[in-house]
Amino acid sequence: MIKNETVQTKHSITIEDRARMTLTGVQEVSAFSDTAVSLKTCRGMLMIQGKGLNISKLNTDTGELNVSGEISQLRYSKDKSNGGFFEGLFR
């Protein structure tokens, strides 16, 4: 788990050709694999799903994150304090 409590309060997402994504306002990367990246932003929990996902840049001072791969879905959810995102996958 990678955390940063002093991240800016602005959150933005830029996606290029469904292959590259730049995010701001990232506070924590909770979990990641080649098919999913779970993170906490200043605007809530965000799940990125796809294939061959890779975190190519993470700047914990500024809250910037770059993800590459085949991006197929973005989903926001409420911040879960017990078990996180993956708890819901294995019910």
side-chain hydrogen bond (donor to acceptor under 3.5 Å, both in side chains) evaluation trace for Thr14 with Thr22: CA-CA 5 Å; Thr14 303; Thr22 302; 5.8 Å; no
Could you check Phe32 against Leu53 for side-chain contact (heavy atoms from CB on, under 4.5 Å), going step by step and ending with a plain yes or no? CA-CA 9 Å; Phe32 62 93; Leu53 298 179; over 6 Å; no
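In this structure, Ile15 CD1 and Leu23 CG are separated by 8.0 Å, a value rounded to the nearest 0.5 Å. Of the inter-residue distances, the one linking Ser56 atom OG with Leu65 atom CG reads 7.5 Å to the nearest 0.5 angstrom.
For Asp34, there are no side chain to side chain contact (heavy atoms under 4.5 Å, CB included) partners two or more places apart in sequence or in a different chain.
Arg20 places no side-chain N or O within 3.5 Å of a backbone atom of Ser68 that could act as its donor or acceptor partner. Formation of a donor-acceptor pair under 3.5 Å by the Ser38 side chain with backbone atoms of Met47 is not found in this model. Of the possible polar contacts, one joining the Asn59 side chain to the Asp61 backbone as a donor-acceptor pair under 3.5 Å is found. Checked by atom type and distance alone, the side chain of Ser72 pairs as donor or acceptor with a backbone atom of Gln49 at under 3.5 Å.
Looking only at side-chain heavy atoms (C-beta outward), Glu28 and Leu39 stay at 4.5 Å or farther from each other. Taking 4.5 Å as the limit, every side-chain heavy atom of Thr41 sits out of range of all side-chain heavy atoms of Gln27.
The minimum heavy-atom distance between Glu64 and Thr62, with the atom names listed, is OE2-OG1, 3.1 Å. Among all heavy-atom pairs drawn from Ile71 and Val67, the shortest one is CD1-O, 4.5 Å.
The stretch residues 56-77 participates, sequence neighbours left out, in these ring-ring contact (aromatic ring centres under 6.0 Å, His included) pairs: His11-Tyr76.
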